[in-house]
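Data block below; observations after.
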Protein chains: 2
Amino acid sequence: METRAHIVEAADRLFYENGFEHTSFAAIADAVGISRGNFYYHFKTKDEILTAVLAARSSRTREMLAEWERDESSPADRVRRFVEIVVANQVDIESYGCPVGTLTSELAKLGHPARPHAVGLFELFRTWLCRQFEELGFTAEADDFAMHVLAFSQGVAALSNAFHDGEFVQREVDRLDAWLADRLAGRSSEHPRH
Amino acid sequence: METRAHIVEAADRLFYENGFEHTSFAAIADAVGISRGNFYYHFKTKDEILTAVLAARSSRTREMLAEWERDESSPADRVRRFVEIVVANQVDIESYGCPVGTLTSELAKLGHPARPHAVGLFELFRTWLCRQFEELGFTAEADDFAMHVLAFSQGVAALSNAFHDGEFVQREVDRLDAWLADRLAGRSSEHPRH
DNA sequence: GTCTATATCGGGATAGAC
DNA sequence: GTCTATCCCGATATAGAC
């Protein structure tokens, strides 16, 4: 039982670092410390383990978003918390890019049936961000703003991965924070709080 | 002689659509209409053809940027021309993402020695955009602005690939155009807007 | 320059012993 | 549940004929 969780954990990391297709069963088995034969007792096909990894990432993401919702009292701070990911995960992103974006892109090129499942990870962030903006009073623009923040994260991650430039990342974070502050400033004049 | 060019052309397209690692020699040979054996007369290793594809993309990009410089008289229009790529190439981007971003990301995960060569494609756009902003009078912020526009393109491409949403793309293009207009309006003023 | 045939290797997947 | 041994296939790469 515990072995299965170990496999998913190792595969999750290897898929992120080396890509889904490039990661062999041997590499996963090696990382866990079991034989290839034993591996097949837990997962019959490579797609099966991909499904398990996606499910694990999905529940981990849900937990993280719920945690942010508990930690940060204001929706604006929650959005800022999301924006900060590119700084908090900077080391990994510089080496391997965004876990969601790179996997979605790879599965798209492979024409893999699990692609929508990977897009579902994007949707978790999208709807969560959307809700934050709705709570801030942006009923009409909430999804537009959510997608804008999501696009920010993907753009910064892609170039952080290409150029390894921490100052660029910080400048973009500051820029988005300023954009957010502008939205909030414009809103309170037209839609005063409570 | 012409066969070599055909191979590079086919490989370029297949690397973009299906990814570098996923593309087999057989698939390239098939697309060109030659046998696998003949293939090795022109390219000895897979890395060799990748180098040729990167060189082809590099010269094609240089030509495109030079063309934009001839077509558009003002630097601002040239930047807008770049921004419009995500609309002009929307169909391909929805299916395969950005050719530069996805290849750079894949080579990073593979730990491939040609990765810096792929990053060089980003640098072509970066320095070109930087020069446009310099010509607009932004000496200090030119590279910052260039990277911001580049990040925009990567973010939009990634989410366009994930969600296939043309309206999102247009909204982001409009948003960046507005940002650019603000920069241009504030440039000669002492109190620039955000 | 182009072909067919083939060597070699790695990875996904299975069988069966313990 | 875990192991070793093995099958099978696809992919890189080579040899040599035409």
Side-chain angles (χ1 to χ4, degrees), chain A residues 1-56 96 102-103 106-107 109-115 117-118, chain B residues 1-56 96 102-103 106-107 109-115 117-118:
Chain A
M1 272 304 163
E2 201 158 316
T3 304
R4 190 191 154 95
H6 283 342
I7 291 174
V8 174
E9 193 184 351
D12 191 355
R13 191 71 203 168
L14 286 167
F15 286 174
Y16 175 42
E17 293 184 1
N18 306 327
F20 168 66
E21 196 177 31
H22 188 65
T23 301
S24 66
F25 280 6
I28 303 172
D30 214 48
V32 179
I34 60 172
S35 69
R36 269 167 296 169
N38 185 12
F39 190 96
Y40 283 89
Y41 172 79
H42 301 279
F43 295 96
K44 272 123 203 114
T45 69
K46 200 177 181 181
D47 288 357
E48 231 173 80
I49 188 172
L50 175 61
T51 304
V53 166
L54 285 167
Y96 316 112
T102 55
L103 181 58
E106 181 181 2
L107 296 182
K109 283 183 197 281
L110 297 181
H112 198 286
R115 194 193 78 94
H117 201 160
Chain B
M1 273 301 163
E2 202 159 314
T3 304
R4 190 191 153 95
H6 283 342
I7 291 173
V8 174
E9 192 185 351
D12 191 356
R13 190 71 204 169
L14 286 168
F15 287 173
Y16 176 42
E17 292 184 3
N18 306 328
F20 168 66
E21 196 177 30
H22 188 65
T23 300
S24 66
F25 280 8
I28 303 172
D30 215 48
V32 179
I34 60 172
S35 69
R36 269 167 296 167
N38 186 12
F39 190 95
Y40 282 89
Y41 173 77
H42 300 278
F43 294 97
K44 272 126 203 108
T45 69
K46 200 177 181 181
D47 289 357
E48 231 172 81
I49 188 171
L50 175 62
T51 304
V53 166
L54 285 168
Y96 317 111
T102 56
L103 181 59
E106 182 181 1
L107 295 182
K109 282 183 198 280
L110 297 181
H112 197 285
R115 193 192 79 94
H117 201 159

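Below, read A as the first sequence line, B as the second, and so on, with proteins coming before strands; counting in each chain starts at 1.
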Exercise. If you measure from NE2 on A/His117 to CG on A/Leu103, what distance do you get to the nearest 0.5 Å?
Worked result: 10.0 Å
Seminar exercise, completed: To the nearest 0.5 Å, atom NE2 of A/His112 lies from atom CG of A/Leu50 at 5.0 Å
For this session: I would like to know whether B/Phe43 and B/Arg4 meet side-chain contact (heavy atoms from CB on, under 4.5 Å); could you show each step before the answer?
Result: CA-CA 8 Å; B/Phe43 294 97; B/Arg4 190 191 153 95; 3.5 Å; yes
Exercise. Between C/dA13 atom C1' and A/Asp47 atom CG, what is the distance in whole Å?
Worked result: 13 Å
Exercise. If only side-chain N and O atoms of A/Tyr41 are considered, is one of them under 4.0 Å from the OP1 or OP2 phosphate oxygen of D/dT2?
Worked result: no
For this session: Starting at atom CG of A/Leu50, determine the distance to atom P of C/dG12, rounded to an integer number of angstrom.
Result: 13 Å
For this session: Give a yes or no answer on whether the side chain of A/Glu106 reaches the backbone of A/Glu21 with a donor-acceptor pair at less than 3.5 Å.
Result: yes
Exercise. How long is the line joining NZ of A/Lys46 and P of D/dG10, in whole Å?
Worked result: 16 Å
Exercise. Rounded to whole angstrom units, what separation is found between the CZ atom of A/Phe39 and the C1' atom of D/dT2?
Worked result: 14 Å
For this session: Report yes if some heavy atom in the side chain of B/His6 is under 4.5 Å from a heavy atom in the side chain of B/Val32; otherwise report no.
Result: yes
Problem set entry | Nearest-0.5 Å distance, CD1 of residue B/Ile28 to NE2 of residue B/His42 | 12.5 Å
Problem set entry | Watson-Crick and G-U pairing of DNA chain C written in dot-bracket, each distance under 3.5 angstrom, with | for inter-strand partners | ||||||||||||||||||
Problem set entry | Distance, nearest 0.5 Å, that separates CD1 of A/Ile7 from CG of A/Asp12 | 13.5 Å
Exercise. Do B/Arg13 and B/Glu17 meet the salt-bridge criterion of a basic N to acidic O distance under 4.0 Å?
Worked result: yes
Exercise. Nearest to the side chain of A/Thr3, which nucleotide is it out of C/dG12, C/dT2, D/dT2?
Worked result: D/dT2
Problem set entry | B/His42 NE2 to C/dC3 C1', straight-line distance once rounded to whole Å | 12 Å
Exercise. Heavy atoms, side chains only, cut-off 4.5 Å: are B/Phe39 and B/Ile49 in contact?
Worked result: yes
For this session: Using the six-membered ring of A/Phe20, assess whether NZ or CZ of A/Lys46 lies under 6.0 Å from its centre and within 45 degrees of the ring axis.
Result: yes
Exercise. What's the CZ-P distance between A/Arg4 and D/dG1, to the nearest Å?
Worked result: 11 Å
Exercise. What distance do B/Leu14 atom CG and B/Phe25 atom CZ have between them, rounded to the nearest 0.5 Å?
Worked result: 12.5 Å
For this session: Go through residues 17-35 of chain B and report each residue with a non-hydrogen atom lying under 4.0 Å from DNA chain C, sorted by number.
Result: B/Ile34, B/Ser35
Give each protein N/O atom lying under 3.5 Å from an N/O atom of nucleotides 14-17 of chain C, with the pair distance.
none

